[in-house]
Amino acid sequence: MPETQPPLAGKLAGLTSSAIRDLLKLTADANIVSLAGGLPDAELMPGVRIAAAAESALRTNATLQYTESPGWGPLREVLAARESARLGRTVTIGEVFVTHGSQQALSLLAEVLLDPGALVVVEDPAYVGAIQVFRAAGARIAAVPLDDEGLRIDALEELIAAGQRPALVHTVSNFHNPGGVTMSPRRRQALAALAERYGFWVIEDDPYGELWFERPAPEPVASYSRSVIRLSSASKIIAPSLRVGWMVAPDRVCRAVELLKQGADLCGSALTQQIATELLADTAWLGGHIETVRTVYATRAGALVEAVGSRFGDRLRCSAASGGMFVWAEFTDGTDTTELLPRALEAGVAFVPGQAFAVSTAYTHAMRMCFTTAGPEVLAEAVDRLARAADRPAVVVAGR
Ligand code: PMP
């Protein structure tokens with residue numbers, strides 16, 4: 001009997017699996033150096049410290065219980081203090097909401113802030129996880145390009161002047177994924193001013209801000225306006241498996257998110273939230289730990305950019321590696337990175353073609369490279385392999 005099943009919801013029709021996730025499956029091969037994944041280095045994660053915090057958390061069975069939907073109270077207190085220092089004002093506990101990674105904050109906020117058909121502005125190239133969420137919420141998506149100073153405010157102004165009215169602008173203000181750039185202070189101010197003038201929300205998605213190499217990231221966009229909701233996360237500074245992210249948002253937004261979080265998962269894990277509390281509260285230890293991560297990543301980023309410069313010269317231009325986990329590189333000689341990828345995999349190196357992050361611009365000649373999980377020698381070898389693949393002529397497939 002032919003198997004027939006009832007249909008899935010119509011809104012799924014436009015959703016596809018992330019190209020990056022599909023690619024990650026291919027790069028599990030041990031012979032391939034993967035610059036494709038967006039993973040922090042597990043070797044640098046503080047396993048022993050996490051185990052000690054877990055042990056002390058488990059001294060009482062209270063950590064095995066459900067917790068409050070907005071997050072475990074002491075964690076929200078620690079986060080409120082931390083965010084007060086970051087934003088230069090007193091952040092109250094009512095403004096802090098703990099989520100299952102900052103990805104959940106994006107998805108709950110999309111439900112809370114967007115009606116179907118609402119216009120969302122994302123950066124081009126964009127964080128893929130944000131586009132997926134906004135598409136799933138039934139939003140219309142418009143893209144504003146990035147340059148060396150981050151989101152092009154002039155392009156956003158043009159869009160508004162043309163009569164478009166965004167409900168929401170999403171920005172990765174620091175050490176962009178995938179673009180590598182950081183928004184300049186004057187653009188941060190300008191974005192906050194536009195949000196207030198035209199009455200839209202900004203989501204400042206900031207998981208990488210503390211991973212700076214030479215100088216700290218500028219003041220958050222959220223320090224200029226209460227229309228800016230700030231997201232951050234323990235994933236890149238401690239460990240993603242804690243699944244501890246948080247938002248700082250006006251109380252009324254947090255209460256709306258709370259209603260939806262109850263429907264999504266009731267609450268986060270009291271156990272990992274308590275572990276995160278201990279680690280985030282130990283500011284002397286955490287400062288030293290983050291400094292180590294920064295130093296290691298800075299060395300790796302420097303090695304990657306240098307290898308690209310010496311192997312490719314002007315043929316492949318990299319973003320400045322000033323923090324975070326990624327560099328964005330563009331071929332200046334017309335090399336198509338989607339076509340290059342199979343040859344690169346054959347040569348033993350993986351990257352993500354720019355196309356995976358493209359919204360309006362094709363980014364045919366661009367690529368994202370993640371420098372976090374390999375040492376300098378391996379990164380240099382990866383760039384060698386990439387150069388060999390790029391020097392090999394593209395295979396012309398019959399019929400294409
Ligand atoms: N925002 C951005 C820009 C990211 O790059 C990521 C992770 N890759 C996230 C949000 C989500 O991270 P998490 O849910 O682990 O906090």
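For the single chain, residues carry numbers from 1 onward in sequence order. Each ligand, and each atom within it, is numbered from 1 in the order the structure gives.
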Discussion item. Quick one about H170 and E123 (side-chain donor to acceptor, distance below 3.5 Å, no hydrogens or angles considered), yes or no?
Written reply: no
Practice prompt. Would you check if there is a donor-acceptor pair between the side chains of Y198 and E157 at a distance under 3.5 Å?
Written response: no
Item to complete: Assert yes or no for the condition that the ring centre distance of F312 to F331 is strictly below 6.0 Å.
Response: yes
Practice prompt. Say whether L106 and W201 are linked into one hydrophobic cluster, either directly or through other cluster members, by side-chain heavy-atom distances under 4.5 angstrom.
Written response: yes
Discussion item. Checking T99 against Q104: is there a side-chain donor and acceptor pair closer than 3.5 Å?
Written reply: no
Discussion item. Could you check whether H365 and D336, counting side-chain N and O atoms only, form a donor-acceptor pair closer than 3.5 Å?
Written reply: no
Discussion item. If the criterion is any heavy atom closer than 4.0 Å to an atom of ligand 1, which residues make the list?
Written reply: G101, S102, Q103, Y127, V172, N177, D205, P207, Y208, S233, S235, K236, R243
